[in-house]
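All remarks here apply to the structure that follows.
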Amino acid sequence: MQRLKRRADFLAARDGKRAPAGAFFVQVRNRHDAAEPRIGLTVTKKTGNAVERNRIRRRLREAAKNVMSAAGKPGFDYVLVARREALGAPFAALVKDLERALKKVHDRSG
RNA sequence: UCAGUCGGCUGGGCGGCCGCGGCGCAUAUCGCGUCGAGGAAAGUCCGGGCUCCACGGAGACACGGUGCCGGUUAACGGCCGGCGGGGGCGACCCCAGGGAAAGUGCCACAGAGAAGAGACCGCUUCGGCUCACGCCGCAGCAAGGGUGAAAAGGUGCGGUAAGAGCGCACCGCGCUUUCGGUAACGAAAGCGGCACGGCAAACCCCACCGGGAGCAAAGCCGAAUAGGAAUGGCAGCGGGAGAAAUCCCGCGAUCCGUCUUCGGAUUCGCUAUUCGGGUUGGCUGCUUGAGGCGGCGCGCAAGCGCCGUCCCAGAGGAAUGGCCGCCGCGCGGGAGCAAUCCCGCCUUACAGAACCCGGCUUACAGGCCGGCUGAUGCU
C-alpha cells in the first residue's frame, strides 16, 4: 500500500470530494492514472499529544490496510483526517466507517 | 507493630495469526534470520562533542553568567565531602551563603524617634501650691509601657534621687595572639565597655568564566522549467549599390558615458554545445560512544584505574502496530461461615527516539527492596 508523503499531494486531495466516516473523514482525489490507490493520514496537533497522535495514525493505517485492497480504486488518493474520537473508537467500527465512506464517494462520483 | 525519614528499583508476562522499519543471507520476484522507544525519549534550563562562520597576539571596556571551602569531571549553574546559619526529641531537612569602615541610594505604614536618632505615656531630686490624694515648674533620666520587620547589645547583681556598661559576672560582639584544620572555619587566652542596624533578588565593588550560529549545522550528486556566461552555425524590418559575396543609409531594441540633447557599441533573434549557480529530490552526516554489563584495586564519597565481555533503534508525512488466547495485577459487583469461586472493566500512570553525550527541572497508576530515627510490646 503506497503512502502519500508530499505536501503537494495532500494539498491536492484537500480540494477533492470529502465524506464523513464517524471518527474521521476522507478526502479523495482522482489522479486519472492506473497506478494503485494511495492513502495519506492527517492527524493535527489539536487532536492530542504525540503518543495519542501516533496511536490514531497506526489504527487508521491498519484499518485502511484491511479495506483498501477491496474498496480502493486505482488512480485515486485517499486522505484520512482524524478526529479525536479515532483514539477510542472500536477497531471494527473504524473499518466499517471507512468502507461505507469509500462506497459513498465512489457511488456519487459514478 | 505503629509513626517518620532517606535512598534505590520496577513501569505487566507468555504464545498464535496478519503486518511495519533497519541490517545480514538468499533461488536477489514469493522468502529466511536477527534487532527495533524512555526513565523521563518530555521541557529545551545549563554544560560539552561535532559542523560552519568570524578571528594575528595580548589587554582594556561593555554585556551576560557564576558566587562559603575542598574535591570530582571533557565541562557545568551538576555531583560528593566538609563549614556556617535556621528548623526538628531524633533520623534528617532547608539556605541566591563573597563584600554594607569604597561610594551612592532606600527603610513604606505605624510611631515621639529609622542611623552619629529620639521622649508620647512614664521615673526622679529640688522648688512652689494643697490638710491630703495630687497638681505645676526647673532640671536629671530612659528602667518599664506603647509603635514597628527592625528602637542603637542581652540576662543578673551592684549602684543611684531615678537611671545609665556607670561598675562587675556570664553570654554576644570587635581586635590581637596561640593552637587545630589544605581551606571554609573552629577552640582557647588576653585586651576593648560596645564602636560596626537592615537591604547587594537596589545601583555598585571584587574574583572567576564566556566569540556567533546550529544537524532545517555541513558536505556531495544533481531532473524539468526559467534565467546567467562562453563558443559555433543561421539570421531583424524598409530602401539603395552589386552578377554575387558583401557594403551603405534609415527604423526598432538593448547596453554604456551623466537625466535630456548628443555620441558610441551591439545585431540583440533562433539554434546547438559547454560552463557556473541552483530549487524539488537523492546520498552522506547517522550512530562505537566521555558506551553498557561483570570482576578486581584505590577513595568516606562523587569518582578514577586495570582486565574481561557485549554491540544494544536509526525513522525521515517519520517504523515498534492490528486482532486474539492464557496468566498476573488493580478496582467494582455477586456467591460462600471461610479458604475460595464467578462476572465485569474499550485492564495499567506519565508519556513516543529525530545528531550524540553529561546534568538539571517537570510529569508519573500500581508495586517491590534496603538503611536509619522515635515510640510501644515481647525475650
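To find a chain, count down the sequence lines: A is the first, B the second, and so on, and within it residues start at 1.
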Which parts of nucleotides 15-21 of chain B does protein reach within less than 4.0 Å, heavy atoms only, written one letter per nucleotide 5' to 3' as B for base, S for sugar-phosphate only and - for none?
-> ----S--
A:R58/A:R61 under side-chain contact (heavy atoms from CB on, under 4.5 Å): CA gap, chis, key distance, verdict | CA-CA 5 Å; A:R58 286 164 179 160; A:R61 195 200 303 145; 4.2 Å; yes
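Ring-base stacking between A:F91 and B:G322 is not satisfied when judged by a centre separation under 5.5 Å and a plane angle under 30°.
Regarding A:E52, its CD atom lies at a distance of 11 Å from the P atom of B:A349, rounded to whole Å. Rounded to an integer number of Å, the gap from CZ of A:R57 to C1' of B:A319 is 11 Å. As a whole-Å value, the separation of A:N54 CG from B:G352 P is 9 Å. Rounded to an integer number of Å, the gap from A:I56 CD1 to B:G322 C1' is 16 Å. One interatomic measurement links the two molecules: CG of A:N49 to C1' of B:A363, which rounds to 12 Å at whole-angstrom precision. What separates CG of A:L41 from P of B:A319 is a distance of 10 Å, to the nearest Å. B:G352 atom C1' lies 10 Å from atom CZ of A:R53, rounded to whole Å.
A:K96 and A:E99 are not joined by a salt bridge, as no carboxylate oxygen comes within less than 4.0 angstrom of a charged side-chain nitrogen.
Glycosidic torsion of B:C312 falls within 90° of 0, placing the base in syn. B:U287 shows a glycosidic angle within 90° of 0 and is accordingly assigned syn. For B:A224, the O4'-C1' to base torsion is more than 90° from 0; the nucleotide is therefore anti.
A donor-acceptor pair under 3.5 Å links the side-chain atoms of A:R59 to the main chain of A:A89, judged by distance alone. A:R53 contributes a side-chain N or O that, together with a main-chain N or O of A:G48, makes up a donor-acceptor pair within less than 3.5 Å.
No engagement by A:N66 is indicated, since no non-hydrogen atom pair under 4.0 Å with the nucleic acid exists. At a threshold of 4.0 angstrom between heavy atoms, the contacts of A:R55 are confined to the sugar-phosphate backbone, with no base atom among them.
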Find every protein N or O atom lying less than 3.5 Å from an N or O atom of nucleotides 353-355 of chain B, and list the pairs.
none

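One hydrophobic cluster, built from ILVMFWY side chains closer than 4.5 Å, holds both A:L60 and A:F91.
Just one residue in the list A:I56, A:L87, A:T42 forms a side chain to side chain contact (heavy atoms under 4.5 Å, CB included) with A:T47, and that residue is A:I56.
Between A:L94 and A:F24 there is a side-chain heavy-atom pair separated by less than 4.5 Å.
Between A:G22 and A:D97, the closest heavy-atom pair is CA-OD2, 3.8 Å.
Atom OH of residue A:Y78 and atom NZ of residue A:K73 lie 7.5 Å apart, to the nearest 0.5 angstrom.
Looking at the side chain of A:R59, the nearest of the listed nucleotides B:C323, B:G352, B:C346 is B:C323.
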